[in-house]
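Worksheet: one structure, shown below.
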Amino acid sequence: MKINEINFLIVEDDEFQRQTLAGMLQSLGARSVQMVGNGKQALTILQAESIRQTDIMLCDLEMPEMDGMECLRHMGCAYPDIALIIISAMDTALIASVEKMAHAYGARLLGALEKPVSLARLEALVRLYEPVQKATHRHSGKLNFTLEEIIEGIRENQFEPFFQPKFHVATKCITGVEALARWVHPKHGVISPYAFIGQLEKSGKINELTFVMLEKAAEACRVLHDHGHMLTMSVNISLISLTDISLAERITQMMRQAGVDPHYMILEVTETAAMTEVAHALENLARLRMRGFGLSIDDYGTGYSSMQQITRIAFSELKIDQSFVKGFADNNRLRIIVESNIELAHKLHIECVAEGVETAEDWNALKSLGCDTAQGYFVAKPMNLPSLLDFCSSQVST
Ligand code: C2E
Ligand code: CA
Ligand code: CA
């Protein structure tokens with residue numbers, strides 16, 4: 001959509017700032033720019049529009065009467081189709097937390113700009129705008145499945161692990177892979193875990209998938225070893241699925257059948273719901289660790305994955321969540337968190353893994369901080385078994 005077709009609404013109490021922003025938008029080609037002095041006036045204007053006339057709202061955070069935060073809340077509830085740009089002179093950490101808040105309220109946020117606003121940044125955000133029809137068309141691509149459909153897919157053997165390599169940071173050598181569930185749907189193609197894990201966990205059916213994943217991951221590990229690639233294999237296990245007391249025994253049996261030594265298997269434990277019955281899970285995990293399985297605390301620092309977990313379970317690996325790793329090299333707060341997590345892991349004498357490494361900057365920063373292992377799009381994306389075998393061979397020959 002051309003900028004001259006977009007209708008802008010500026011919400012800013014300072015007359016000078018308001019005029020400057022309007023001038024900038026006009027210099028980019030905007031023809032329809034309305035201005036108001038606070039959130040209340042903005043909502044009054046929007047309520048009065050019988051047909052939607054506002055496409056993008058630029059909103060200051062500090063304003064009299066109704067501040068930007070309250071305004072964003074109303075926007076999320078009443079006008080989720082209007083795109084928003086936050087403008088503020090406050091520090092970046094605070095702006096970032098307001099961005100998160102706006103998303104949580106369902107507002108359609110294009111991004112945030114620090115004052116003084118740069119024309120290039122403003123233009124870049126405006127160019128992200130696409131009309132709602134297009135945006136919803138894209139979202140309709142998101143598929144919703146019923147629990148019955150998911151279970152049927154599992155029983156029809158449509159679920160496969162994809163494998164994402166993990167690398168030793170100091171040498172950039174591949175050390176292992178993480179098995180990530182994919183639904184290879186006959187009609188819809190490859191479907192991501194976000195479309196099915198939540199429902200399986202909530203309904204207590206996650207073990208249907210866990211066993212398929214364990215079995216196929218163990219087989220794949222056997223194939224890799226047969227090709228001379230002595231990699232570890234990580235599998236995701238929801239803590240909630242470990243309440244079944246017989247689980248440790250069944251997992252051990254599966255490895256025995258596949259002919260894989262438990263020392264090559266790492267179970268990545270995620271806790272996505274508060275657990276009341278922890279005793280059984282702890283018994284299973286202690287037994288698995290005693291038999292040589294590696295235990296990894298996944299998504300460390302998010303949700304229920306906490307310090308308390310570290311004291312309860314004999315973990316051999318700590319996995320720093322990607323939300324801390326992405327872009328941490330040039331974000332002071334994230335850097336402090338990543339650095340302390342690496343230090344924590346090392347003091348506990350366990351492996352430290354960073355996930356979600358997307359850039360050379362973050363990779364180099366991890367290297368200088370002494371992180372043991374890393375995983376992320378910068379080094380390799382998840383892939384199917386044939387591609388993984390090719391990938392491993394190409395690593396050996398280079
Ligand atoms: P996770 O265990 O934290 O897995 C890492 C996720 O981050 C994977 O998404 C992976 O593809 C993605 N990722 C890896 N590197 C990068 C990167 O550099 N940038 C970005 N943006 N993303 C990266 P995926 O495969 O969609 O899995 C999502 C989540 O689903 C997993 O998060 C895990 O919690 C869950 N999951 C996947 N497979 C299973 C499973 O078999 N069982 C259970 N219980 N949960 C699973
Ligand atoms: Ca994981
Ligand atoms: Ca994670």
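Both ligands and their constituent atoms are indexed starting at 1 by order of listing.
Rounded to 10 degrees, the OE2-metal-OD1 angle spanning Glu178 and Asn236 at the Ca ion (ligand 2) equals 90°.
Counted by atom type alone, His225 and Asp261 present zero donor-acceptor pairs between their side chains at under 3.5 Å. Using modelled atom types and a 3.5 Å distance limit, the side chains of Thr270 and Asp298 yield no donor-acceptor pair.
The nearest protein atom to atom 41 (O) of ligand 1, hydrogens excluded, is given as Met213 CG, 3.3 Å; this is a heavy-atom distance. The protein non-hydrogen atom at the shortest distance from atom 42 (N) of ligand 1 is Asn236 O, 3.4 Å. The nearest heavy-atom contact from the protein to atom 12 (C) of ligand 1 is Gln322 NE2, 3.8 Å. Looking from atom 34 (O) of ligand 1 to the surrounding protein, the closest heavy atom is Thr270 CG2, 4.4 Å. Annotation: atom 24 (P) of ligand 1 to nearest protein heavy atom, Pro193 CG, 3.7 Å. When hydrogens are left out, the protein atom nearest atom 46 (C) of ligand 1 is Ile197 CD1, 3.4 Å; that is the closest non-hydrogen contact. Nearest protein heavy-atom contact of atom 18 (O) of ligand 1 is Tyr377 N, 2.7 Å.
Which parts of ligand 1 touch Glu178 is read off a 4.0 Å heavy-atom cut-off, strictly below it: atoms 2 (O), 4 (O). The distance from ligand 1 to the heavy atoms of Glu358 drops below 4.0 Å at these ligand atoms: 17 (C), 18 (O), 19 (N), 20 (C), 21 (N). Applying the 4.0 Å criterion to heavy atoms of Asp299 picks out, from ligand 1, the atoms 3 (O). Close approach of ligand 1 to Val357 (heavy-atom distance below 4.0 Å) involves ligand atoms 18 (O). In summary, the atoms of ligand 1 found under 4.0 Å from a heavy atom of Pro382, numbered by their order in the structure, are 11 (O). Within ligand 1, the atoms closer than 4.0 Å to a non-hydrogen atom of Lys326 are 21 (N), numbered from 1 in the order shown. The ligand atoms of ligand 1 that sit less than 4.0 angstrom from a heavy atom of Ser238 are 44 (N). Against a heavy-atom cut-off of under 4.0 Å, Glu355 is close to the following atoms of ligand 1: 3 (O), 5 (C).
Counting backbone and side-chain atoms alike, Glu355 contributes an N/O/S atom closer than 3.0 Å to the Ca ion (ligand 3). Among the backbone and side-chain atoms of Thr270, no N/O/S atom is found under 3.0 Å from the Ca ion (ligand 2).
Taking the side chain as every heavy atom from C-beta outward, Asp330 and Glu361 never approach each other to under 4.5 Å. Asp67 is not listed as a side-chain neighbour of Leu61, based on a closest heavy-atom distance of 4.5 Å or more.
Looking at Asp321 and the Ca ion (ligand 3) together, the shortest N, O or S contact belongs to OD1. The nearest N/O/S atom of Asp299 to the Ca ion (ligand 3) is OD1.
Within 6.0 Å of atom CZ in Arg121, 12 or fewer heavy atoms from other residues, nucleotides or ligands are found, so the atom counts as exposed in its surroundings.
Using modelled atom types, no side-chain atom of Arg287 and backbone atom of Arg291 make a donor-acceptor pair closer than 3.5 Å.
In this structure, His229 and His227 have parallel ring planes: the angle between them is below the 30° cut-off, well short of the 60° mark. Aromatic ring orientation, Phe145 versus Trp183: tilted (interplanar angle from 30° to 60°).
There is a path of hydrophobic side-chain contacts, each under 4.5 Å, that joins Ile297 to Leu242. Met383 and Val190 fall into different hydrophobic clusters, where Ile, Leu, Val, Met, Phe, Trp and Tyr are joined by side-chain heavy atoms under 4.5 Å apart, directly or via other members. Side-chain heavy atoms closer than 4.5 Å link hydrophobic residues (I, L, V, M, F, W, Y) into clusters, and following such links, even through other members, never connects Phe378 to Leu180.
The shortest separation from a heavy atom of Gln375 to ligand 1 is not under 4.0 Å, leaving the residue out of contact. Contact analysis puts Tyr194 in contact with ligand 1, with a non-hydrogen atom separation below 4.0 angstrom. Using a 4.0 Å heavy-atom cutoff, Lys381 is absent from the residues neighbouring ligand 1.
Between His74 and Tyr105, the ring center distance fails the sub-6.0 Å criterion. Ring centroids of Phe324 and Tyr300 are separated by 6.0 Å or more, keeping the two rings apart.
Contacts between Ala181 and ligand 1, counted as non-hydrogen atom pairs separated by less than 4.0 Å, involve both the backbone and the side chain.
Phe211 carries Arg250 over the face of its six-membered ring, with the cationic atom under 6.0 Å from the centre and within 45° of the normal.
Using a 4.0 Å threshold on non-hydrogen atoms, atom 32 (O) of ligand 1 does not count as touching the protein.
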